[in-house]
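The next block holds one structure in the form of structure tokens; read it before the comments.
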Amino acid sequence: MSVRVRFAPSPTGFVHIGSLRTALYNYLFAKHHGGVNILRIEDTDRTRFVEGAEEEIIATCRWAGIEFDESTEKGGPFGPYRQSERTEIYREHAAMLLDNGNAYYAFDTSEELDKMRERQQAAGIAPKYDRSIMRNQYTLGEDETRRLLDEGAEYCIRMKVPLHAEISFVDSIRGPVTFQSRDVDDQILMKSDGFPTYHLANVVDDRLMQITHVIRGEEWLPSTPKHVLLYQAFGWEAPQFAHLPLLLNEDRSKMSKRKGDVFVYQFREKGFFAETLVNFVALLGWNPTADREMFTLQEMIDTFTLEKVNKAGAVFDYKKLEWMQSEYMKKSAPQNFVSVVKQELENKGINGIDDDYVVRVITLLRERVQFPHQIADFGNYMFEIPKSYDDEFRNKVWTEKAQQALPEVIALLRSAEDFNHTALHQTVQAYLAEKKMGFKDVMNPLRLLVTGKSVGAGMFETMEVLGKQATLERIDAMLGLLTH
RNA sequence: GCACCGUUCGUCUAGCGGUUAGGACACCGCCCUUUCACGGCGGUAGCACGGGUUCGAUUCCCGUACGGUGUACCA
């Protein structure tokens, strides 16, 4: 049987970085096995529904390079792929369970349930629906149940969990896992609003959509016995489960928005590349080899296996993410960033810069910045004559000695025929040798004159890209600023 | 509280009975050098603890500790 997996997010807000990884692993797994990757929207909780969230999920996955073979957008042979459009299916399946004695009606109000839990907590026992004393089909009897139903009373349908049974399954990542049914609650299957809970919907859909592997976050591990029981109640074979380790904050708690950025869009807005985020997040909990960090999507597809997924949660290390971003910044083609840089320039009121020139500037500066959008600011002097300078730097390098030497160096530049960096380097070097001075005496002041800044690319390389005329213009202008 | 899951440098990890416990990020030092970086070289730092099993345990088993998740008419 060919592999079919699903990413099943709830449209309740922005895509969490952990969801991105779950989606990614599902995708990698599907592609690795030549299988099918499905997007299913789990919107059975109307109270948490967020307008536009579904679109955001799709857009985010697309940005990350994660493709779906079947989805709400694309359709497919097992649709609809939005659970809110499948309520009739869940109703039918709940009825099947009612018929075969694996589910029952319950009429308790939330107040009554709260009280029950309070009592249990006070008595020091685990909070769990007590079907022997609450208001349900069993305690009320068939006639009364029928009457309440006919009368239109609010009800929900609960799963009848066996009293004493052992529930086991083999998790692809964790191995055999066993629960006792006495610890499993009589989970609500159909809510009083007519919508199913996650548990019912997920089992029914995974079955109907012929899902072979359920790859999801570890937070689902404790409710998996409910799902296993449901498969049994329906007489179905359960899919293979794989519970992924959690992504953690620095304090090792589940990664949450209270402790920093957790939404994909936040990283995207900061300028992180999809490649960076995908590569980084993939390696949080999975590693195909010990000696590499950088992988293309295709390489990940080729090497992905669940056996290589770790069991323990992984702390999201922002510093390492930044390092990886810098790596991608350096290795990506400068052409990719031209439009970003030009947009930044336009924001600064600088227009009409030649694309080729922008590429040369990006090539010059990309090792010094983390994101393309920083180039316009970091290298402003490449696009305009600086109107200010770094005061601290000036005080440090604009020395008596420098002021004496600079005019001659500038004259050298002015008369230079060849303005490429090697030629410039040789010219200045020869001059310095003659004067018994070092680069240090003259290069920093020169940097001040050309850029106004203390940091940047190599000075000769900078001047080469700038060109003779622009270099001299900047020097003259800065000289004017400095002497006022 | 109860249930389940987990535990190799600060962090991400390699390791699947015998290794000087390897790599990456971060950190520190040195080199390169026209600043900052990049790059190169080197360094600090780890198998949670206690019992077994075994000729031999980081590795297998059992406890303990610690951490995490779950415990909803949310997913």
Side-chain angles (χ1 to χ4, degrees), chain A residues 8-12 42-45 47-48 106 108-110 113-114 117 120-121 123-129 154-158 171 173-174 177-180 182-185 187-193 195-199 201-202 216-225 243 245-246 248 250-254 280 283-294 307-308 310-324 326 330 365-369 390 393 396-397 425 428 432 438-448 451 453-460:
Chain A
S10 211
T12 54
E42 312 228 322
D43 56 349
T44 53
D45 184 354
T47 62
R48 294 210 306 156
D108 316 278
T109 64
S110 49
L113 292 169
D114 287 344
R117 289 192 197 97
Q120 291 168 330
Q121 299 243 6
I125 54 175
K128 186 166 167 293
Y129 185 79
E154 264 207 359
Y155 70 92
C156 66
I157 298 172
R158 284 183 181 267
D171 187 279
I173 294 168
R174 286 149 216 288
V177 182
T178 302
F179 291 82
Q180 298 303 322
R182 76 176 104 88
D183 297 319
V184 179
D185 206 359
Q187 187 64 49
I188 288 180
L189 265 18
M190 292 294 285
K191 298 182 269 189
S192 56
D193 64 2
F195 280 81
T197 55
Y198 168 86
H199 307 285
N202 141 327
R216 75 221 313 188
E218 191 186 345
E219 67 268 27
W220 291 110
L221 197 50
S223 49
T224 304
H243 289 93
L246 261 19
L248 273 24
E250 270 181 59
D251 65 3
R252 304 206 75 90
S253 59
K254 188 172 164 183
F280 180 72
L283 263 39
L284 252 26
W286 170 74
N287 204 301
T289 170
D291 56 5
R292 276 179 63 191
E293 306 288 329
M294 309 283 285
E307 288 66 40
K308 282 258 171 190
N310 289 130
K311 297 176 176 67
V315 173
F316 189 93
D317 183 354
Y318 198 88
K319 282 246 176 70
K320 189 159 183 177
L321 204 220
E322 289 186 312
W323 164 79
M324 192 171 275
S326 298
K330 279 182 281 189
L365 298 177
R366 63 178 171 172
E367 281 188 6
R368 330 253 156 181
V369 298
D390 182 331
F393 188 54
K396 196 172 149 196
V397 304
H425 190 275
V428 174
L432 291 174
F439 276 112
K440 210 161 192 144
D441 299 317
V442 90
M443 297 313 289
N444 278 332
L446 189 57
R447 178 178 297 282
L448 174 69
T451 74
K453 293 186 173 181
S454 64
V455 300
M459 212 42 230
F460 295 116

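What you see below is based on every heavy atom in this structure, not just the backbone, and it leaves out hydrogens, waters and symmetry mates. To find a chain, count down the sequence lines: A is the first, B the second, and so on, and within it residues start at 1.
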CA sep, side-chain torsions, deciding dist, call: A:L446, A:V428, side-chain contact (heavy atoms from CB on, under 4.5 Å): CA-CA 11 Å; A:L446 189 57; A:V428 174; 5.8 Å; no
For [N], the Watson-Crick or wobble partner whose two distances fall under 3.5 Å:
N      : answer
B:rU69 : B:rA3
B:rA48 : B:rU64
B:rC55 : B:rG18
B:rU11 : B:rA24
B:rG39 : B:rC31

So if I take every side-chain heavy atom of [X] and compare against [options], which nucleotide ends up nearest?
X      : options                : result
A:R252 : B:rU35, B:rC12, B:rU69 : B:rC12
A:V315 : B:rU34, B:rC12, B:rC25 : B:rC12
A:F179 : B:rC25, B:rA3, B:rA75  : B:rA3
A:R158 : B:rC73, B:rU35, B:rC25 : B:rC73
A:K191 : B:rU35, B:rC4, B:rC74  : B:rC74
A:F439 : B:rG10, B:rC38, B:rU34 : B:rU34
A:E293 : B:rU34, B:rA24, B:rU13 : B:rA24
A:D45  : B:rC74, B:rG70, B:rU34 : B:rC74
A:K308 : B:rC73, B:rG15, B:rG68 : B:rG15
A:E219 : B:rC73, B:rG70, B:rC12 : B:rG70

If the [atom1] atom of [N] is compared with that of [M], how far apart are they to the nearest Å?
N      : M      : atom1 : result
B:rA48 : B:rC66 : C1'   : 8 Å
B:rG1  : B:rU20 : P     : 44 Å
B:rU59 : B:rG52 : C1'   : 15 Å
B:rC2  : B:rG18 : C1'   : 42 Å
B:rA21 : B:rA45 : P     : 14 Å
B:rU44 : B:rC28 : C1'   : 7 Å
B:rC60 : B:rG70 : C1'   : 29 Å
B:rU8  : B:rC4  : C1'   : 23 Å

With no hydrogens and no angle check, is any side-chain donor or acceptor of [X] less than 3.5 Å from a backbone partner on [Y]?
X      : Y      : answer
A:K191 : A:T44  : yes
A:N310 : A:A312 : no
A:S10  : A:E42  : yes

Phosphate-side-chain proximity, [X] and [N], N/O vs OP1/OP2 below 4.0 Å:
X      : N      : answer
A:K319 : B:rA24 : no
A:T197 : B:rC74 : no
A:K254 : B:rG70 : yes
A:K320 : B:rC27 : no
A:K453 : B:rU34 : no
A:R117 : B:rC73 : yes
A:N310 : B:rA14 : yes

Base, sugar-phosphate, or nothing: which does [X] touch, judged by heavy atoms less than 4.0 Å apart?
X      : value
A:L246 : sugar-phosphate
A:G438 : nothing
A:G456 : base
A:S110 : nothing
A:K330 : sugar-phosphate
A:P196 : sugar-phosphate
A:A106 : nothing

Atom CZ of A:F393: over 12 foreign heavy atoms under 6.0 Å: yes
Flag if over 12 foreign heavy atoms under 6.0 Å of CD, A:E250: no
Lys/Arg N to Asp/Glu carboxylate O, A:K320 vs A:D317, below 4.0 Å: no
Grab the [atom1]-[atom2] distance between [X] and [N] for me, whole Å please.
X      : N      : atom1 : atom2 : answer
A:E307 : B:rU13 : CD    : P     : 17 Å
A:M459 : B:rC36 : CE    : P     : 15 Å
A:H243 : B:rA3  : NE2   : P     : 20 Å
A:L283 : B:rC12 : CG    : P     : 12 Å
A:L321 : B:rU11 : CG    : P     : 17 Å
A:W323 : B:rA37 : CH2   : P     : 18 Å
A:E322 : B:rC12 : CD    : P     : 17 Å
A:R447 : B:rC36 : CZ    : P     : 10 Å

Side chain A:R174 and base B:rC5 donor-acceptor under 3.5 Å: no
Approximate separation, where rounding is to 0.5 Å, of A:I125 CD1 and A:R117 CZ: 12.5 Å
Atom pair CG/NZ of A:N287 and A:K308 - distance to nearest 0.5 Å: 7.0 Å
RNA chain B: 5'-proximal contact among A:P222 and A:H199 (nearest heavy atom): A:P222
Toward the 5' end of RNA chain B, by each residue's nearest nucleotide, A:E154 or A:Q180: A:Q180
Whether A:F439 and A:F460 hold their rings parallel, tilted or perpendicular, with breakpoints at 30° and 60°: perpendicular
